[in-house]
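The block underneath contains the structure these notes are about, expressed in structure tokens.
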Amino acid sequence: MMKRMIFTAMLLHCVCAGIGADSLTGKVTDEAHRGVAYANVVLLALPDSVFVAGTVSDADGCFMLEASAPGEGLLRFSCLGYHSCTVPASGFTGEVTLREESVRLQGVEVVAERPVHQQKDGALLTRVEGTTLSQYHRINDMLAVLPGMTFTVSGGVEVFGLGTPVIYINNRKARADELQQLTPQDIRSVELITNPGARYDAEGKAVLKVYTLRRDDGHALLAEHVSEQGRRYSDYETLRYDYWNRKLHVSAYYQYADYRSVVNQPQSHELALGDSLYLYRNPDQGDRRDTKQHTWYANADYELTARHVIGAKVEGTHTRDYTFRTGSLAYGWSHTPLAEKDIDNDYLNRTDVYHANLFHNADWSDRLSSALNLDFVYNRNRYRQATAETSSGEWLETESHGKGNLSIASGQLAFDYRPASGVQVGFGSDVSRVHTHNELQSTADNVAASLYDEDEVRAAAFADVSAEAGSFSFRAGVRYEYMQMKFRDRLDASGNLTRRFHNVYPSASVSYKRNGWSQTLSFSSRTTRPSFRQLSNAVYYSNEFMYQRGNPLLLPATAYKLEWSISHKPFYFSASYTYEKNHLSTCHEEEAGNRIISTFCNYRRIQYLKATLNIQKTFGIWHPSLTLGISQPFFEVMYRGEPLAYHSPNCTAALNQQFTFPKDYLLSVYYAFYSGGDLGSVSIRPYQMLNLELQKDFFEKRFSVSLKAYDLLRTMKFREEQREGNLRFTQTEDYQLWNFSVSLVFRFNQLKNTYRGKNSSASDMERM
């Protein structure tokens, strides 16, 4: 057992100072030394206070003011919700503190338009507060319209060409379900980093950082109900309470979800063995799924002083997932039918997840700060699968039972040090231990029982330094990670395995910003670790001819990425090249009796060229945003003894339009077209999506009603083909996502800033 956990978070805040003869840099903070986003910074000439130049601080409160002789005159700082402050420019020390106003401002109309999207050191920063983005009811609907983000065919969101991002909320690493507990009105800004540096965990190809709002002291309550009618009816109920004063923050959350769906998933397999071709067709396979989930959390954090904050959080989720799958399987050889059977499958899965976090954030001086986080996670899973196969009067029943327990203990300790104006250094370390125990039994003759344990210990250290000089900024970092993985087969000791990995991940970037232009050239190295399911040696029964199995011999994949990005006012463009070795993907094996084993394996390499362009502008009540993206893969596999290239590009075009009408009406129209193409060894056919939403706010935005049509054209269908080894596999995944829904949200006061701790175990929890 591990008795001590110390883990590193990379939280480097922007600290700026006046450098250069034609620019002035600095940071705007509140009384707790947190950066104030989107504060107005104005240089006024003496003696008559004539306007000389102005700018707006970014999400961390940093700003750069470009003007001739910036050291002369007065600097005026202002932001909604704070008292204004004016200081002599000649005596500016690099940081100014604004005091919060004690009276809430209401009925304020913002006339000036600021850019919704900005580039910051290669990351794309999107302002949500005060924009129409904040009026969405659901967080995924808001995220999907951000440049570089798209809907998936299962209804989630991902980064175009990079998959699901690693999520941070207020610089605290979080899980995807924690993000769903927020609403867009909670959010101040969102930062998308497509080429993360050493400060972030080496796992994950993109980082999504969400910054929430802090409101006035007092109580806040949010209640939400969603009714959704598609092929079946679903509903969701949410209740959240917050209390905040200048010292104490307490929050509690509960959600009940009753999700019911129908999935059509026809499949076809063609297995070539020598001169023989075996065919397996399941043209009418479909699922009927009922999922009931209870999610809750409670947290409290307290400011011992303005520089020291402690807190704790406990949360849990209970999920009951029942799936009834039906279909028919036609089996033949060289186009000669051999057998047909009807297949019914009952699957019941119960999962409980519990998580506890303790944290301490400290500012030891104006130059040195630290963050300590300790986490413990326990996951319990129990499932039962019953399969009935009927063929020519013969009946075969197979039943499988499984259970698994997983625990994660982790910690992180990180330091930020600012030795001089415009220079910042971050360093720290982290350790985690993961233990899993799994059991599986099946009545199928060809599926052996499995009983095994897995232990994984990971330790890491990083150092990161950044500096600013006039219009340029530089960042460089390195991260070292050590991992030991042990697999113990409790039934057959010959299958025991121990492996150790040592990896160094360097990163660097240089940025230039002047006259509204921002551009960054960056390099990073990342890893993708196999999930615990992929590493399992357990065999899962589908039918008499098809099984699924993990691969304990899988290696982590390592990717190296070079990216260039540039932005100016309504335009944002990025282009990148990625080289990934030990690429993780699905593959297939054959066993006696012409059985097909679906598993996972490492491929030598895969390469990508990618580009994204976003254009957004406001024309009165019309707020359009157009995103174009292309990903060109370079990947080869062996198919029937010959090399097969997967080089077809996949493109996406998404147009989001919002119309703001009088009396708090908002109309949103979202359309996206996906050209298809190659994703690794899978070829995708084109598909498209159209969403419409009409929203109305009442009682000064305390009550909101939304009517939405999702996937109105009913075209979100994932049609794929994979040719690899001796197998050709085709499938259509039709999740029947189309639905019409009504959402009711009631807000008493406004929600406060979320829990200030950091989840040191989030990356391991995502792999469960």
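Bear in mind the structure is a predicted one, so any value in this text is a computation, not a measurement.
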Report yes if some heavy atom in the side chain of [X] is under 4.5 Å from a heavy atom in the side chain of [Y]; otherwise report no.
| X | Y | answer |
| --- | --- | --- |
| Phe359 | Asp301 | yes |
| Ser471 | Lys513 | no |
| Asn299 | Val250 | no |
| Thr194 | Val159 | yes |
| Pro624 | Phe619 | yes |
| Val314 | Tyr297 | no |

Donor-acceptor under 3.5 Å ([X] side chain, [Y] main chain):
| X | Y | result |
| --- | --- | --- |
| His568 | Gly516 | yes |
| Arg702 | Phe748 | no |
| Asn614 | Leu626 | yes |
| Asn739 | Leu737 | yes |

Between [X] and [Y], a side-chain donor and acceptor under 3.5 Å:
| X | Y | value |
| --- | --- | --- |
| Trp296 | Glu315 | no |
| Arg127 | Ser134 | no |
| His219 | Tyr241 | yes |
| Ser704 | Asp697 | yes |

*asked:* My understanding is that only residues two or more places apart in sequence, or in another chain, count here; which of them pass ring-ring contact (aromatic ring centres under 6.0 Å, His included) with Phe472?
replied: Tyr512
Check side-chain hydrogen bond (donor to acceptor under 3.5 Å, both in side chains) between [X] and all other residues, then give those that pass, not counting sequence neighbours.
| X | value |
| --- | --- |
| Tyr254 | His294 |
| Ser227 | His225, Tyr233 |
| Asp141 | Lys708 |
| Thr612 | none |

*asked:* Taking the basic N atoms (NZ, or NE/NH1/NH2) and the acidic carboxylate oxygens, is any pair closer than 4.0 Å for Asp664 and Lys696?
replied: no
_Selection residues 157-168 - residue pairs positive for salt bridge (Lys or Arg N to Asp or Glu O under 4.0 Å), sequence neighbours left out_ = none
*Quick one: do Arg307 and Asp366 satisfy salt bridge (Lys or Arg N to Asp or Glu O under 4.0 Å)? Show the steps, please.*
CA-CA 10 Å; Arg307 292 177 174 266; Asp366 292 337; 2.5 Å; yes
*Angle class for the Phe659/Phe661 ring planes (parallel below 30°, perpendicular above 60°, tilted otherwise)?*
parallel
*Using the ring of each side chain (for Trp, its six-membered ring), is Phe698 parallel, tilted or perpendicular to Phe703, with breaks at 30° and 60°?*
tilted
*Begin from the C-alpha positions of Thr29 and Glu95 and carry the test side-chain hydrogen bond (donor to acceptor under 3.5 Å, both in side chains) through to its verdict.*
CA-CA 7 Å; Thr29 64; Glu95 181 173 328; 3.3 Å; yes
